[in-house]
Enquirer: 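Here it is, the structure in full.
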Amino acid sequence: LDDEQDALTESGISVGRGEPLVVIKDVNKHFGELHVLKDINTTVNRGEVVVVIGPSGSGKSTLCRAVNRLETIDSGTITIDGKPLPEEGKALARLRSDVGMVFQSFNLFAHKTVLENVTLGPIKVRGLKRAEADKRAMELLDRVGVANQAKKMPNQLSGGQQQRVAIARSLAMNPKVILMDEPTSALDPEMINEVLDVMIGLAQDGMTMIVVTHEMGFARKAADRVLFMADGQVLEEAAPEDFFTNPRTDRAKDFLSKIL
Ligand code: ADP
Ligand code: MG
């Protein structure tokens, strides 16, 4: 066993002692002329839930993608558990399994069953035996409330169910942190809560999470901190209650007046 492996709770979630897990330091990123991330600094401690909000185009997705190295950065550093993001190869594959990612658009493998979607990573990247991977996948599917859908293909499921499978798939890798980029934005309204409930459960179990969302109910219930981004900068960083009741910048006041 990897001696760096974290203690796991019964549900398989890494638990920690609140030390820095994701450290983002002086990060800058351009797309051509466009300066999309401007001197971003923040630290996410183990077990923390950080909600990132802000207007469209402010750089929220780019920041998430940079933490998973789906985007490169121009300057600054991002470390996960004290280690800089690897450039490529096996180390990068390993990083990607330590940093789970859930997208707005579910991104399930369309030609694999629900169960296979959850077992593929553990078998290929973590080297689990199929029987072991199946057992753990069924536990996770049960946990997100879709165990009875295991044999179906993704397109036979509702959007809310697919997104819960995507969360189970991400959990199956025992990630140290999960990034979620607007995980409920593509869902019909009646399905949003079933996904938020799963996310709240994860947060309560001590999962470290960075969640881009405009679901203020989730932020109030589950977030330790809110980061407000605009124009590539983190303009405010505060506890949810502080931020929602007492935003300091005009940008945040304006943004909140539109979404609340
Ligand atoms: P958000 O998620 O907050 O809406 P994004 O991080 O997606 O913001 O985008 C930030 C800015 O970067 C936007 O102006 C967007 O158009 C631009 N952008 C994002 N991805 C790319 C890309 N691959 N190439 C060029 N511009 C991009
Ligand atoms: Mg986005």
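Counting starts at 1 for both ligands and their atoms, following the listed order. Just the heavy atoms: all of them, side chains too, but no hydrogens, waters or symmetry mates, feed the values below.
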Enquirer: Is the ring pair Phe255/His214 parallel, tilted or perpendicular, if the boundaries are 30 and 60 degrees?
Expert: perpendicular

Enquirer: Can you list the other members of the hydrophobic cluster that holds Val125, where links are side-chain heavy atoms under 4.5 angstrom apart?
Expert: Met173

Enquirer: So, at under 2.8 Å, which protein N, O or S atoms would a careful student list around the Mg ion (ligand 2)?
Expert: Ser61 OG

Enquirer: So is Val36 polar-close to ligand 1, meaning N/O to N/O under 3.5 Å?
Expert: no

Enquirer: Could you tell me whether atom 11 (C) of ligand 1 has at least one protein heavy atom nearer than 4.0 Å?
Expert: yes

Enquirer: Quick check on contacts: which atoms of ligand 1 are under 4.0 angstrom from a heavy atom of Thr62?
Expert: 5 (P), 6 (O), 9 (O)

Enquirer: Rounded to the nearest 0.5 Å, how far does CG of Asp26 lie from CG of Asn28?
Expert: 7.5 Å

Enquirer: Considering all heavy atoms of both residues, which atom of Gly232 and which atom of Ile40 are nearest to each other, and what is their separation?
Expert: O-CD1, 3.3 Å

Enquirer: Do Arg169 and Asn107 pair up side chain to side chain, a donor and an acceptor below 3.5 Å, judged on atom types alone?
Expert: no

Enquirer: Return the residue, atom name and 0.1 Å-rounded distance of the protein heavy atom closest to atom 19 (C) of ligand 1.
Expert: Phe31 CE1, 3.4 Å

Enquirer: Would a search of protein heavy atoms around atom 16 (O) of ligand 1 find one under 4.0 Å away?
Expert: no

Enquirer: Which pair of non-hydrogen atoms, one from Asp231 and one from Lys38, has the smallest distance, and what is that distance?
Expert: O-NZ, 3.1 Å

Enquirer: Report the residues that fulfil side-chain contact (heavy atoms from CB on, under 4.5 Å) with Asp242, sequence neighbours left out, ordered by chain and then residue number.
Expert: Ala238, Ala239

Enquirer: Considering non-hydrogen atoms of the protein only, which is the closest contact for atom 7 (O) of ligand 1, and what is the distance?
Expert: Ser61 CB, 3.6 Å

Enquirer: List the steps, then state whether salt bridge (Lys or Arg N to Asp or Glu O under 4.0 Å) holds for Lys221 with Asp197.
Expert: CA-CA 10 Å; Lys221 234 181 251 169; Asp197 286 346; 5.6 Å; no

Enquirer: Nearest to atom 3 (O) of ligand 1, what protein heavy atom do you find, and at what distance?
Expert: Lys60 NZ, 2.8 Å

Enquirer: Could you verify whether a donor N or O on one side chain and an acceptor N or O on the other, from Thr42 and Glu237, lie under 3.5 Å apart?
Expert: yes

Enquirer: Among all protein non-hydrogen atoms, which one is nearest to atom 14 (O) of ligand 1, and what is the separation to 0.1 Å?
Expert: Leu34 CD2, 3.4 Å

Enquirer: Hey, does Ser58 sit under 4.0 Å from ligand 1 if you only count heavy atoms?
Expert: yes

Enquirer: Do any nitrogen or oxygen atoms of Gly57 come within less than 3.5 Å of a nitrogen or oxygen of ligand 1?
Expert: yes

Enquirer: Among all protein heavy atoms, pick out the one at the shortest distance from atom 8 (O) of ligand 1; state its residue, atom name and that distance to 0.1 Å.
Expert: Gly59 N, 3.2 Å

Enquirer: Just which atoms of ligand 1 are under 4.0 Å from any heavy atom in Pro55?
Expert: 3 (O)

Enquirer: Apply side-chain contact (heavy atoms from CB on, under 4.5 Å) to Lys25 and list each qualifying residue two or more places apart in sequence or on a separate chain.
Expert: Asn41, Thr77

Enquirer: Please name the pair of heavy atoms, one in Val67 and one in Leu95, separated by the smallest distance, quoted to 0.1 Å.
Expert: O-CD2, 4.4 Å

Enquirer: In the structure I gave you, are the side-chain heavy atoms of Gln163 and Thr184 within less than 4.5 Å of one another anywhere?
Expert: no

